[in-house]
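Remarks on the structure that follows.
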Amino acid sequence: MPELPEVETIKEQLSAIIKGLTITDVTIYLEKVIAAPAPADFRRLIRGRKILGVRRRGKFLLFTLGGGYLLVVHLRISGQLVYETEKGQLTRHTHLVFHLDRGRLRLTDLRQFSRVWLLPLTAQSQFKELAELGPEPLSDAFTREYFFAELKQSRRQIKPFLLDQRVVAGIGNIYADEALFAAGIHPARRAGELSTSEGEALFTAVRAVLRQGVAHRGTSIRDYVDATGTQGSHQHFLQVHNRAGKPCPRCGTKIEKIKIGGRGTYFCPYCQPL
DNA sequence: AGCAACGCCTGATAGC
DNA sequence: TGCTATCAGGCGTTGC
């Protein structure tokens with residue numbers, strides 16, 4: 001599931017590989033992955049544009065194109081964006097292929113939930129999906145003061161709170177579980193009822209687990225591969241996520257799996273008491 | 001307004 | 001064994 005560390009890895013790789021290349025054409029195999037504009041307009045508007053830069057915002061990939069256009073990509077759960085030079089057979093579930101003047105970039109997604117948008121740079125401020133995102137957790141915009149204020153005014157459970165992209169951008173199910181374990185906080189605790197020291201621990205933990213994820217080039221549990229088609233390695237370093245029934249690395253207690261806000265949630269009942 | 005539940009999808013896996 | 005039911009999950013939408 002591409003979360004901040006996975007998207008950051010893809011961004012770094014694509015920036016090195018395709019910056020300066022031109023999108024000569026795009027082949028659309030599944031129209032619904034194009035959220036806007038209409039597929040025919042998408043193709044007409046994107047052809048011939050040079051890729052000037054690649055950035056990340058939350059879990060979104062942003063490609064700045066020549067002529068003042070922005071290509072936005074969200075991989076949701078099982079989306080993959082892979083650069084390849086061989087013109088061989090396309091992988092199953094390939095929905096979009098950007099043909100470049102050297103190689104091609106393909107969007108593959110088993111679940112078909114990925115979405116792409118093409119918009120004029122001038123319309124970026126009205127683009128809701130990006131405008132409503134909270135601060136980047138690894139930037140200076142994410143401050144203790146901000147995080148504490150948000151915690152205080154929320155009565156939600158802490159896990160759904162962390163997953164809310166309006167609070168902070170880029171955290172998904174894996175890193176939410178890992179951050180709560182690192183901070184020693186039960187995922188069902190109410191955000192507004194955390195103590196100052198717990199809030200402090202969580203602030204630190206969120207940043208730490210995301211940095212570790214980036215350092216390991218992401219977590220490959222099911223579908224994730226980076227822009228070269230390679231798996232990440234952070235799955236080998238997970239403390240609780242996807243480890244139900246296994247011993248807690250800190251105390252040895254069996255890790256439990258429960259559902260919170262409809263999501264599979266892993267935690268240590270001893271280290272993260274209610 | 002704020003929050004919880006559902007639907008979108010396919011393939012793997014659990015259960016009978 | 002072979003079938004069906006359930007689960008996985010980000011996020012927009014729906015409903016309370």
Side-chain angles (χ1 to χ4, degrees), chain A residues 1-11 29-36 56-62 72-81 90-96 107-117 119 126-134 136-137 149-180 187-193 206 210 213 218-225 231-232 234-235 238 240-245 255-267:
Chain A
M1 308 93 237
E3 306 179 27
L4 186 151
E6 290 74 29
V7 182
E8 177 68 17
T9 302
I10 294 169
K11 183 263 291 182
Y29 297 96
L30 186 68
E31 295 199 334
K32 70 174 177 185
V33 304
I34 300 173
R56 180 192 59 75
R57 179 77 175 94
K59 303 175 194 171
F60 290 86
L61 277 165
L62 311 176
V72 181
V73 177
H74 196 303
L75 298 173
R76 296 280 167 89
I77 297 166
S78 52
Q80 304 176 341
L81 200 56
L90 285 169
T91 310
R92 219 157 115 73
H93 307 299
T94 294
H95 308 314
L96 225 48
L107 176 76
T108 301
D109 186 352
L110 168 71
R111 286 177 188 74
Q112 309 183 0
F113 292 168
S114 293
R115 291 295 179 266
V116 304
W117 298 258
L119 58 142
Q126 295 119 57
F127 187 61
K128 265 191 159 184
E129 283 80 354
L130 288 178
E132 293 179 356
L133 289 178
E136 282 294 322
E150 289 290 314
L151 279 173
K152 274 269 151 53
Q153 71 182 61
S154 172
R155 285 177 308 173
R156 307 166 73 181
Q157 293 175 310
I158 190 63
K159 178 154 179 193
F161 174 89
L162 286 178
L163 292 175
D164 187 342
Q165 302 299 298
R166 293 169 301 185
V167 173
V168 51
I171 301 174
N173 206 34
I174 297 171
Y175 296 96
D177 283 354
E178 293 297 303
L180 288 168
R189 294 276 306 282
R190 300 282 159 182
E193 291 168 8
V206 161
L210 292 174
T219 304
S220 295
I221 292 176
R222 274 188 104 98
D223 305 297
Y224 170 70
V225 294
Q231 297 202 333
H234 194 61
Q235 63 277 14
L238 295 176
V240 289
H241 187 85
N242 206 34
R243 300 192 69 242
I255 290 160
E256 288 184 12
K257 185 186 183 189
I258 57 174
K259 257 206 179 1
I260 295 200
R263 328 298 279 278
T265 300
Y266 302 83
F267 72 107

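Values in this document were obtained by computation on a predicted structure and should not be read as measured data. Chain naming here is simple, since letters A, B, ... match the order of the sequence lines and numbering starts at 1 in each.
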Please work out if [X] contacts a base, only the sugar-phosphate, or nothing of the nucleic acid, heavy-atom cut-off 4.0 Å.
| X | result |
| --- | --- |
| A/R92 | sugar-phosphate |
| A/G262 | nothing |
| A/K128 | nothing |

Anything under 4.0 Å to a heavy atom of chain A counts; send over the first and last such nucleotide of DNA chain B, read 5' to 3'. B/dC3 to B/dA12
Which atom pairs, donor and acceptor, lie under 3.5 Å between side-chain atoms of residues 150-160 of chain A and protein residues at least two apart or in another chain?
residue : atom : partner : partner atom : Å
A/S154  : OG   : A/R156  : N            : 3.2
A/R156  : NH1  : A/D164  : OD2          : 2.7
A/K159  : NZ   : A/N173  : OD1          : 2.5
A/K159  : NZ   : A/D177  : OD1          : 2.7
A/K159  : NZ   : A/G264  : O            : 3.2
A/K159  : NZ   : A/T265  : OG1          : 3.0

Name all residues meeting the side-chain hydrogen bond (donor to acceptor under 3.5 Å, both in side chains) criterion together with A/R115; count only those two or more places apart in sequence or in a different chain, and write none if there are none. none
Residue set satisfying side-chain hydrogen bond (donor to acceptor under 3.5 Å, both in side chains) with A/R56, at least two apart, ordered chain then number -> A/E8, A/E136
Report the residues that fulfil ring pair (Phe, Tyr, Trp, His ring centres under 6.0 Å) with [X], sequence neighbours left out, ordered by chain and then residue number.
| X | result |
| --- | --- |
| A/H93 | none |
| A/Y266 | A/H241 |
| A/F127 | A/W117 |

Which residues pass the side-chain contact (heavy atoms from CB on, under 4.5 Å) test with [X], not counting sequence neighbours?
| X | answer |
| --- | --- |
| A/L133 | A/R57, A/F60, A/L130, A/Q165, A/A169 |
| A/E256 | A/F267, A/P269 |
| A/S114 | A/L75, A/L107, A/D109 |

Between A/Q235 and A/I221, is there a donor-acceptor pair closer than 3.5 Å when you use the side chain of the first and the backbone of the second? no
Any donor and acceptor pair, going by atom type alone, linking the side chain of A/E6 with main-chain N or O of A/T219 inside 3.5 Å? yes
Roughly how many Å is it from CG in A/L133 to P in C/dG10, rounded to a whole number? 15 Å
Interatomic distance where OH belongs to A/Y175 and P belongs to C/dG10 [whole Å]: 12 Å
Identify all pairs in which a protein N or O lies below 3.5 Å from an N or O of nucleotides 11-16 of chain C, and state each distance.
residue : atom : partner : partner atom : Å
C/dC11  : OP1  : A/H74   : NE2          : 2.4
C/dC11  : OP2  : A/K59   : NZ           : 3.2

Which comes earlier along DNA chain B counting from the 5' end, the contact point of A/G261 or that of A/R222, where each point is its nearest nucleotide? A/G261
Taking for A/H93 and for A/R155 the nucleotide of DNA chain B with the nearest heavy atom, the one nearer the 5' end belongs to A/R155
Tell me the stems DNA chain C sits in, counting at least three consecutive Watson-Crick or G-U wobble pairs, each under 3.5 Å on both distances. B:2-16 with C:2-16
